[in-house]
Amino acid sequence: MKKILFLSITSIIILCTSCQEEFKNWYSATANYDGRFVVATACEEYNDDDTSIEDGLEVMIYNTSDNKENEIWIQFSVAGESIKGKFNLTGNFNAFTDSTTQVENIDSNTVYAFNNAGNMITVAGLGVPASAGLIADGVQLYTRITLIEGKILPKSATTIGGNISDSLYIKAILHHDYIEFESYEIDPADWDDPNVPEFDWQVKAGSNTPADDDGWDETWTLAGYRYTGYPEDIAH
């Protein structure tokens with residue numbers, strides 16, 4: 001019995017030590033910002049893709065790998081697109097903005113081409129190119145983000161479940177870039193006929209140019225509350 005008790009206490013000591021060490025790794029220099037938020041989304045320029053709080057869209061805010069104070073990732077979705085931006089903030093969690101303004105959205109890879117009428121089409125709509133080196137115009141969505149303002153206000157929101165939580169408000173401009181597609185010869189191993197070259201389209205490296213002056217900017221607001229952990233506070 002004594003031997004069993006000794007092993008149990010030893011296991012508890014090891015477990016607690018491990019937890020303490022792991023907890024140290026959880027320390028975040030941006031703890032006042034970090035969290036999971038349930039939000040409604042709205043666009044000033046059009047409202048076709050606006051959502052309500054009951055739709056359950058979320059914003060995730062967390063520290064970077066460098067764990068610097070006021071350097072955060074903000075991750076969210078609008079208009080069916082996944083957006084992620086890294087920001088260097090000025091201010092504090094009650095009122096903040098981004099000191100470097102336009103920030104790259106590293107996860108953005110949604111691209112469209114333009115047809116002869118100037119309308120957006122899928123890249124497949126360009127058809128199969130007949131040779132390498134052909135150029136076609138297109139656009140890449142949500143490549144850059146300008147964080148206009150943000151606020152996290154403690155205990156100032158009522159959740160859809162009736163609980164009190166921290167509120168979140170973010171206003172940001174989402175930018176698109178014009179791009180060019182370039183045709184290229186695909187790997188001969190993938191040709192249907194080994195004697196007939198085949199070609200496809202790819203985004204031409206370095207072809208991105210801002211589309212901001214042509215009315216492509218979208219101004220979005222994200223407003224909601226920090227998820228409390230209670231199941232009634234998030235839509236299913």
Less than 4.5 Å apart, side chain to side chain, heavy atoms only: is that true for Val78 and Leu57? no
Would you give the length of the straight line joining atom OH of Tyr225 to atom CD1 of Ile164, rounded to the nearest 0.5 angstrom? 11.5 Å
Side-chain donor or acceptor of Asp166 paired with backbone N/O of Lys155 under 3.5 Å: yes
So, for Tyr230 and Tyr227, which heavy atoms are closest and what is the spacing to 0.1 Å? O-CE1, 3.3 Å
Leu222 reachable from Tyr46 in the ILVMFWY side-chain graph, under 4.5 Å edges: yes
With a 4.5 Å limit on heavy-atom distance, are the side chains of Glu185 and Asp200 in contact? no
Side chain Glu182, main chain Val203, donor-acceptor under 3.5 Å: no
Roughly how far apart are Asp55 CG and Ser77 OG, rounded to 0.5 Å? 12.5 Å
My understanding is that only residues two or more places apart in sequence, or in another chain, count here; which of them pass side chain to side chain donor-acceptor pair (under 3.5 Å) with Ser167? Ser156
In terms of side-chain heavy atoms, does Asn63 have a donor or acceptor partner in Tyr33 at a distance below 3.5 Å? no
Do you see a donor-acceptor pair shorter than 3.5 Å between the side chains of Ser28 and Asp34? yes
Please answer whether the main-chain N or O of Trp216 pairs with a side-chain N or O of Asp214 as donor and acceptor at a distance below 3.5 Å. no
Exactly one of His176, His175, Arg144 should register a side-chain hydrogen bond (donor to acceptor under 3.5 Å, both in side chains) with Asp217. Which one does? His175
How close do Val139 and Ile179 get, heavy atom to heavy atom, and via which atoms? N-CG1, 3.5 Å
So how far is it from Ile170 CD1 to Leu147 CG, rounded to the nearest 0.5 Å? 6.5 Å
Residues Glu218 and Tyr142: side-chain donor-acceptor under 3.5 angstrom: yes
Would you say Asp98's side chain and Leu89's backbone share a donor-acceptor pair under 3.5 angstrom? no
Thr219 side chain to Ile173 main-chain N or O, any donor-acceptor pair under 3.5 Å? no
Between the side chain of Asn115 and the main-chain N/O of Asn119, is any donor-acceptor distance below 3.5 Å? yes
Donor-acceptor side-chain pairing of Thr41 and Thr51 below 3.5 angstrom: yes
Heavy atoms of other groups near Tyr112 OH, more than 12 under 6.0 Å: no
Closest approach of Phe76 to Ile74 (non-hydrogen atoms, all atoms of both residues): CD2-CG2, 3.8 Å
Heavy-atom pair of closest approach, residues Ala79 and Asp49: CB-OD2, 3.5 Å
Classify the side-chain pair Thr30/Glu69 by whether it contains a donor and acceptor separated by less than 3.5 Å. no
Can you find a pair of side-chain heavy atoms, one from Arg36 and one from Glu58, that are under 4.5 Å apart? yes
Nearest atoms (heavy-atom pairs only) where Pro129 meets Ser183: CB-CB, 3.6 Å
Regarding Asn67 and Tyr27, do their side chains bring together a donor and an acceptor under 3.5 Å, going by distance alone? no
Check the side chains of Glu81 and Thr110 for a donor-acceptor pair under 3.5 angstrom, ignoring hydrogens and angles. yes
Asn208 side chain to Glu180 side chain, donor-acceptor N/O pair below 3.5 angstrom: no
Between Asn92 (side chain) and Asn94 (backbone), is there a donor-acceptor pair under 3.5 Å? yes
Indicate whether any N or O donor in one side chain lies under 3.5 Å from an N or O acceptor in the other, for Tyr178 and Gln140. no
Separation between CD (Glu149) and OG1 (Thr221), nearest 0.5 Å, reads 10.0 Å
For Lys68 against Ala29, the heavy-atom pair lying closest together: C-CB, 3.9 Å
Donor-acceptor pair, distance only, cut-off 3.5 Å: does the side chain of Glu44 make one with the backbone of Trp220? no
Is it the case that the side chains of Trp201 and Tyr184 hold a donor-acceptor pair, with the cut-off being a distance below 3.5 Å and no angle test? no
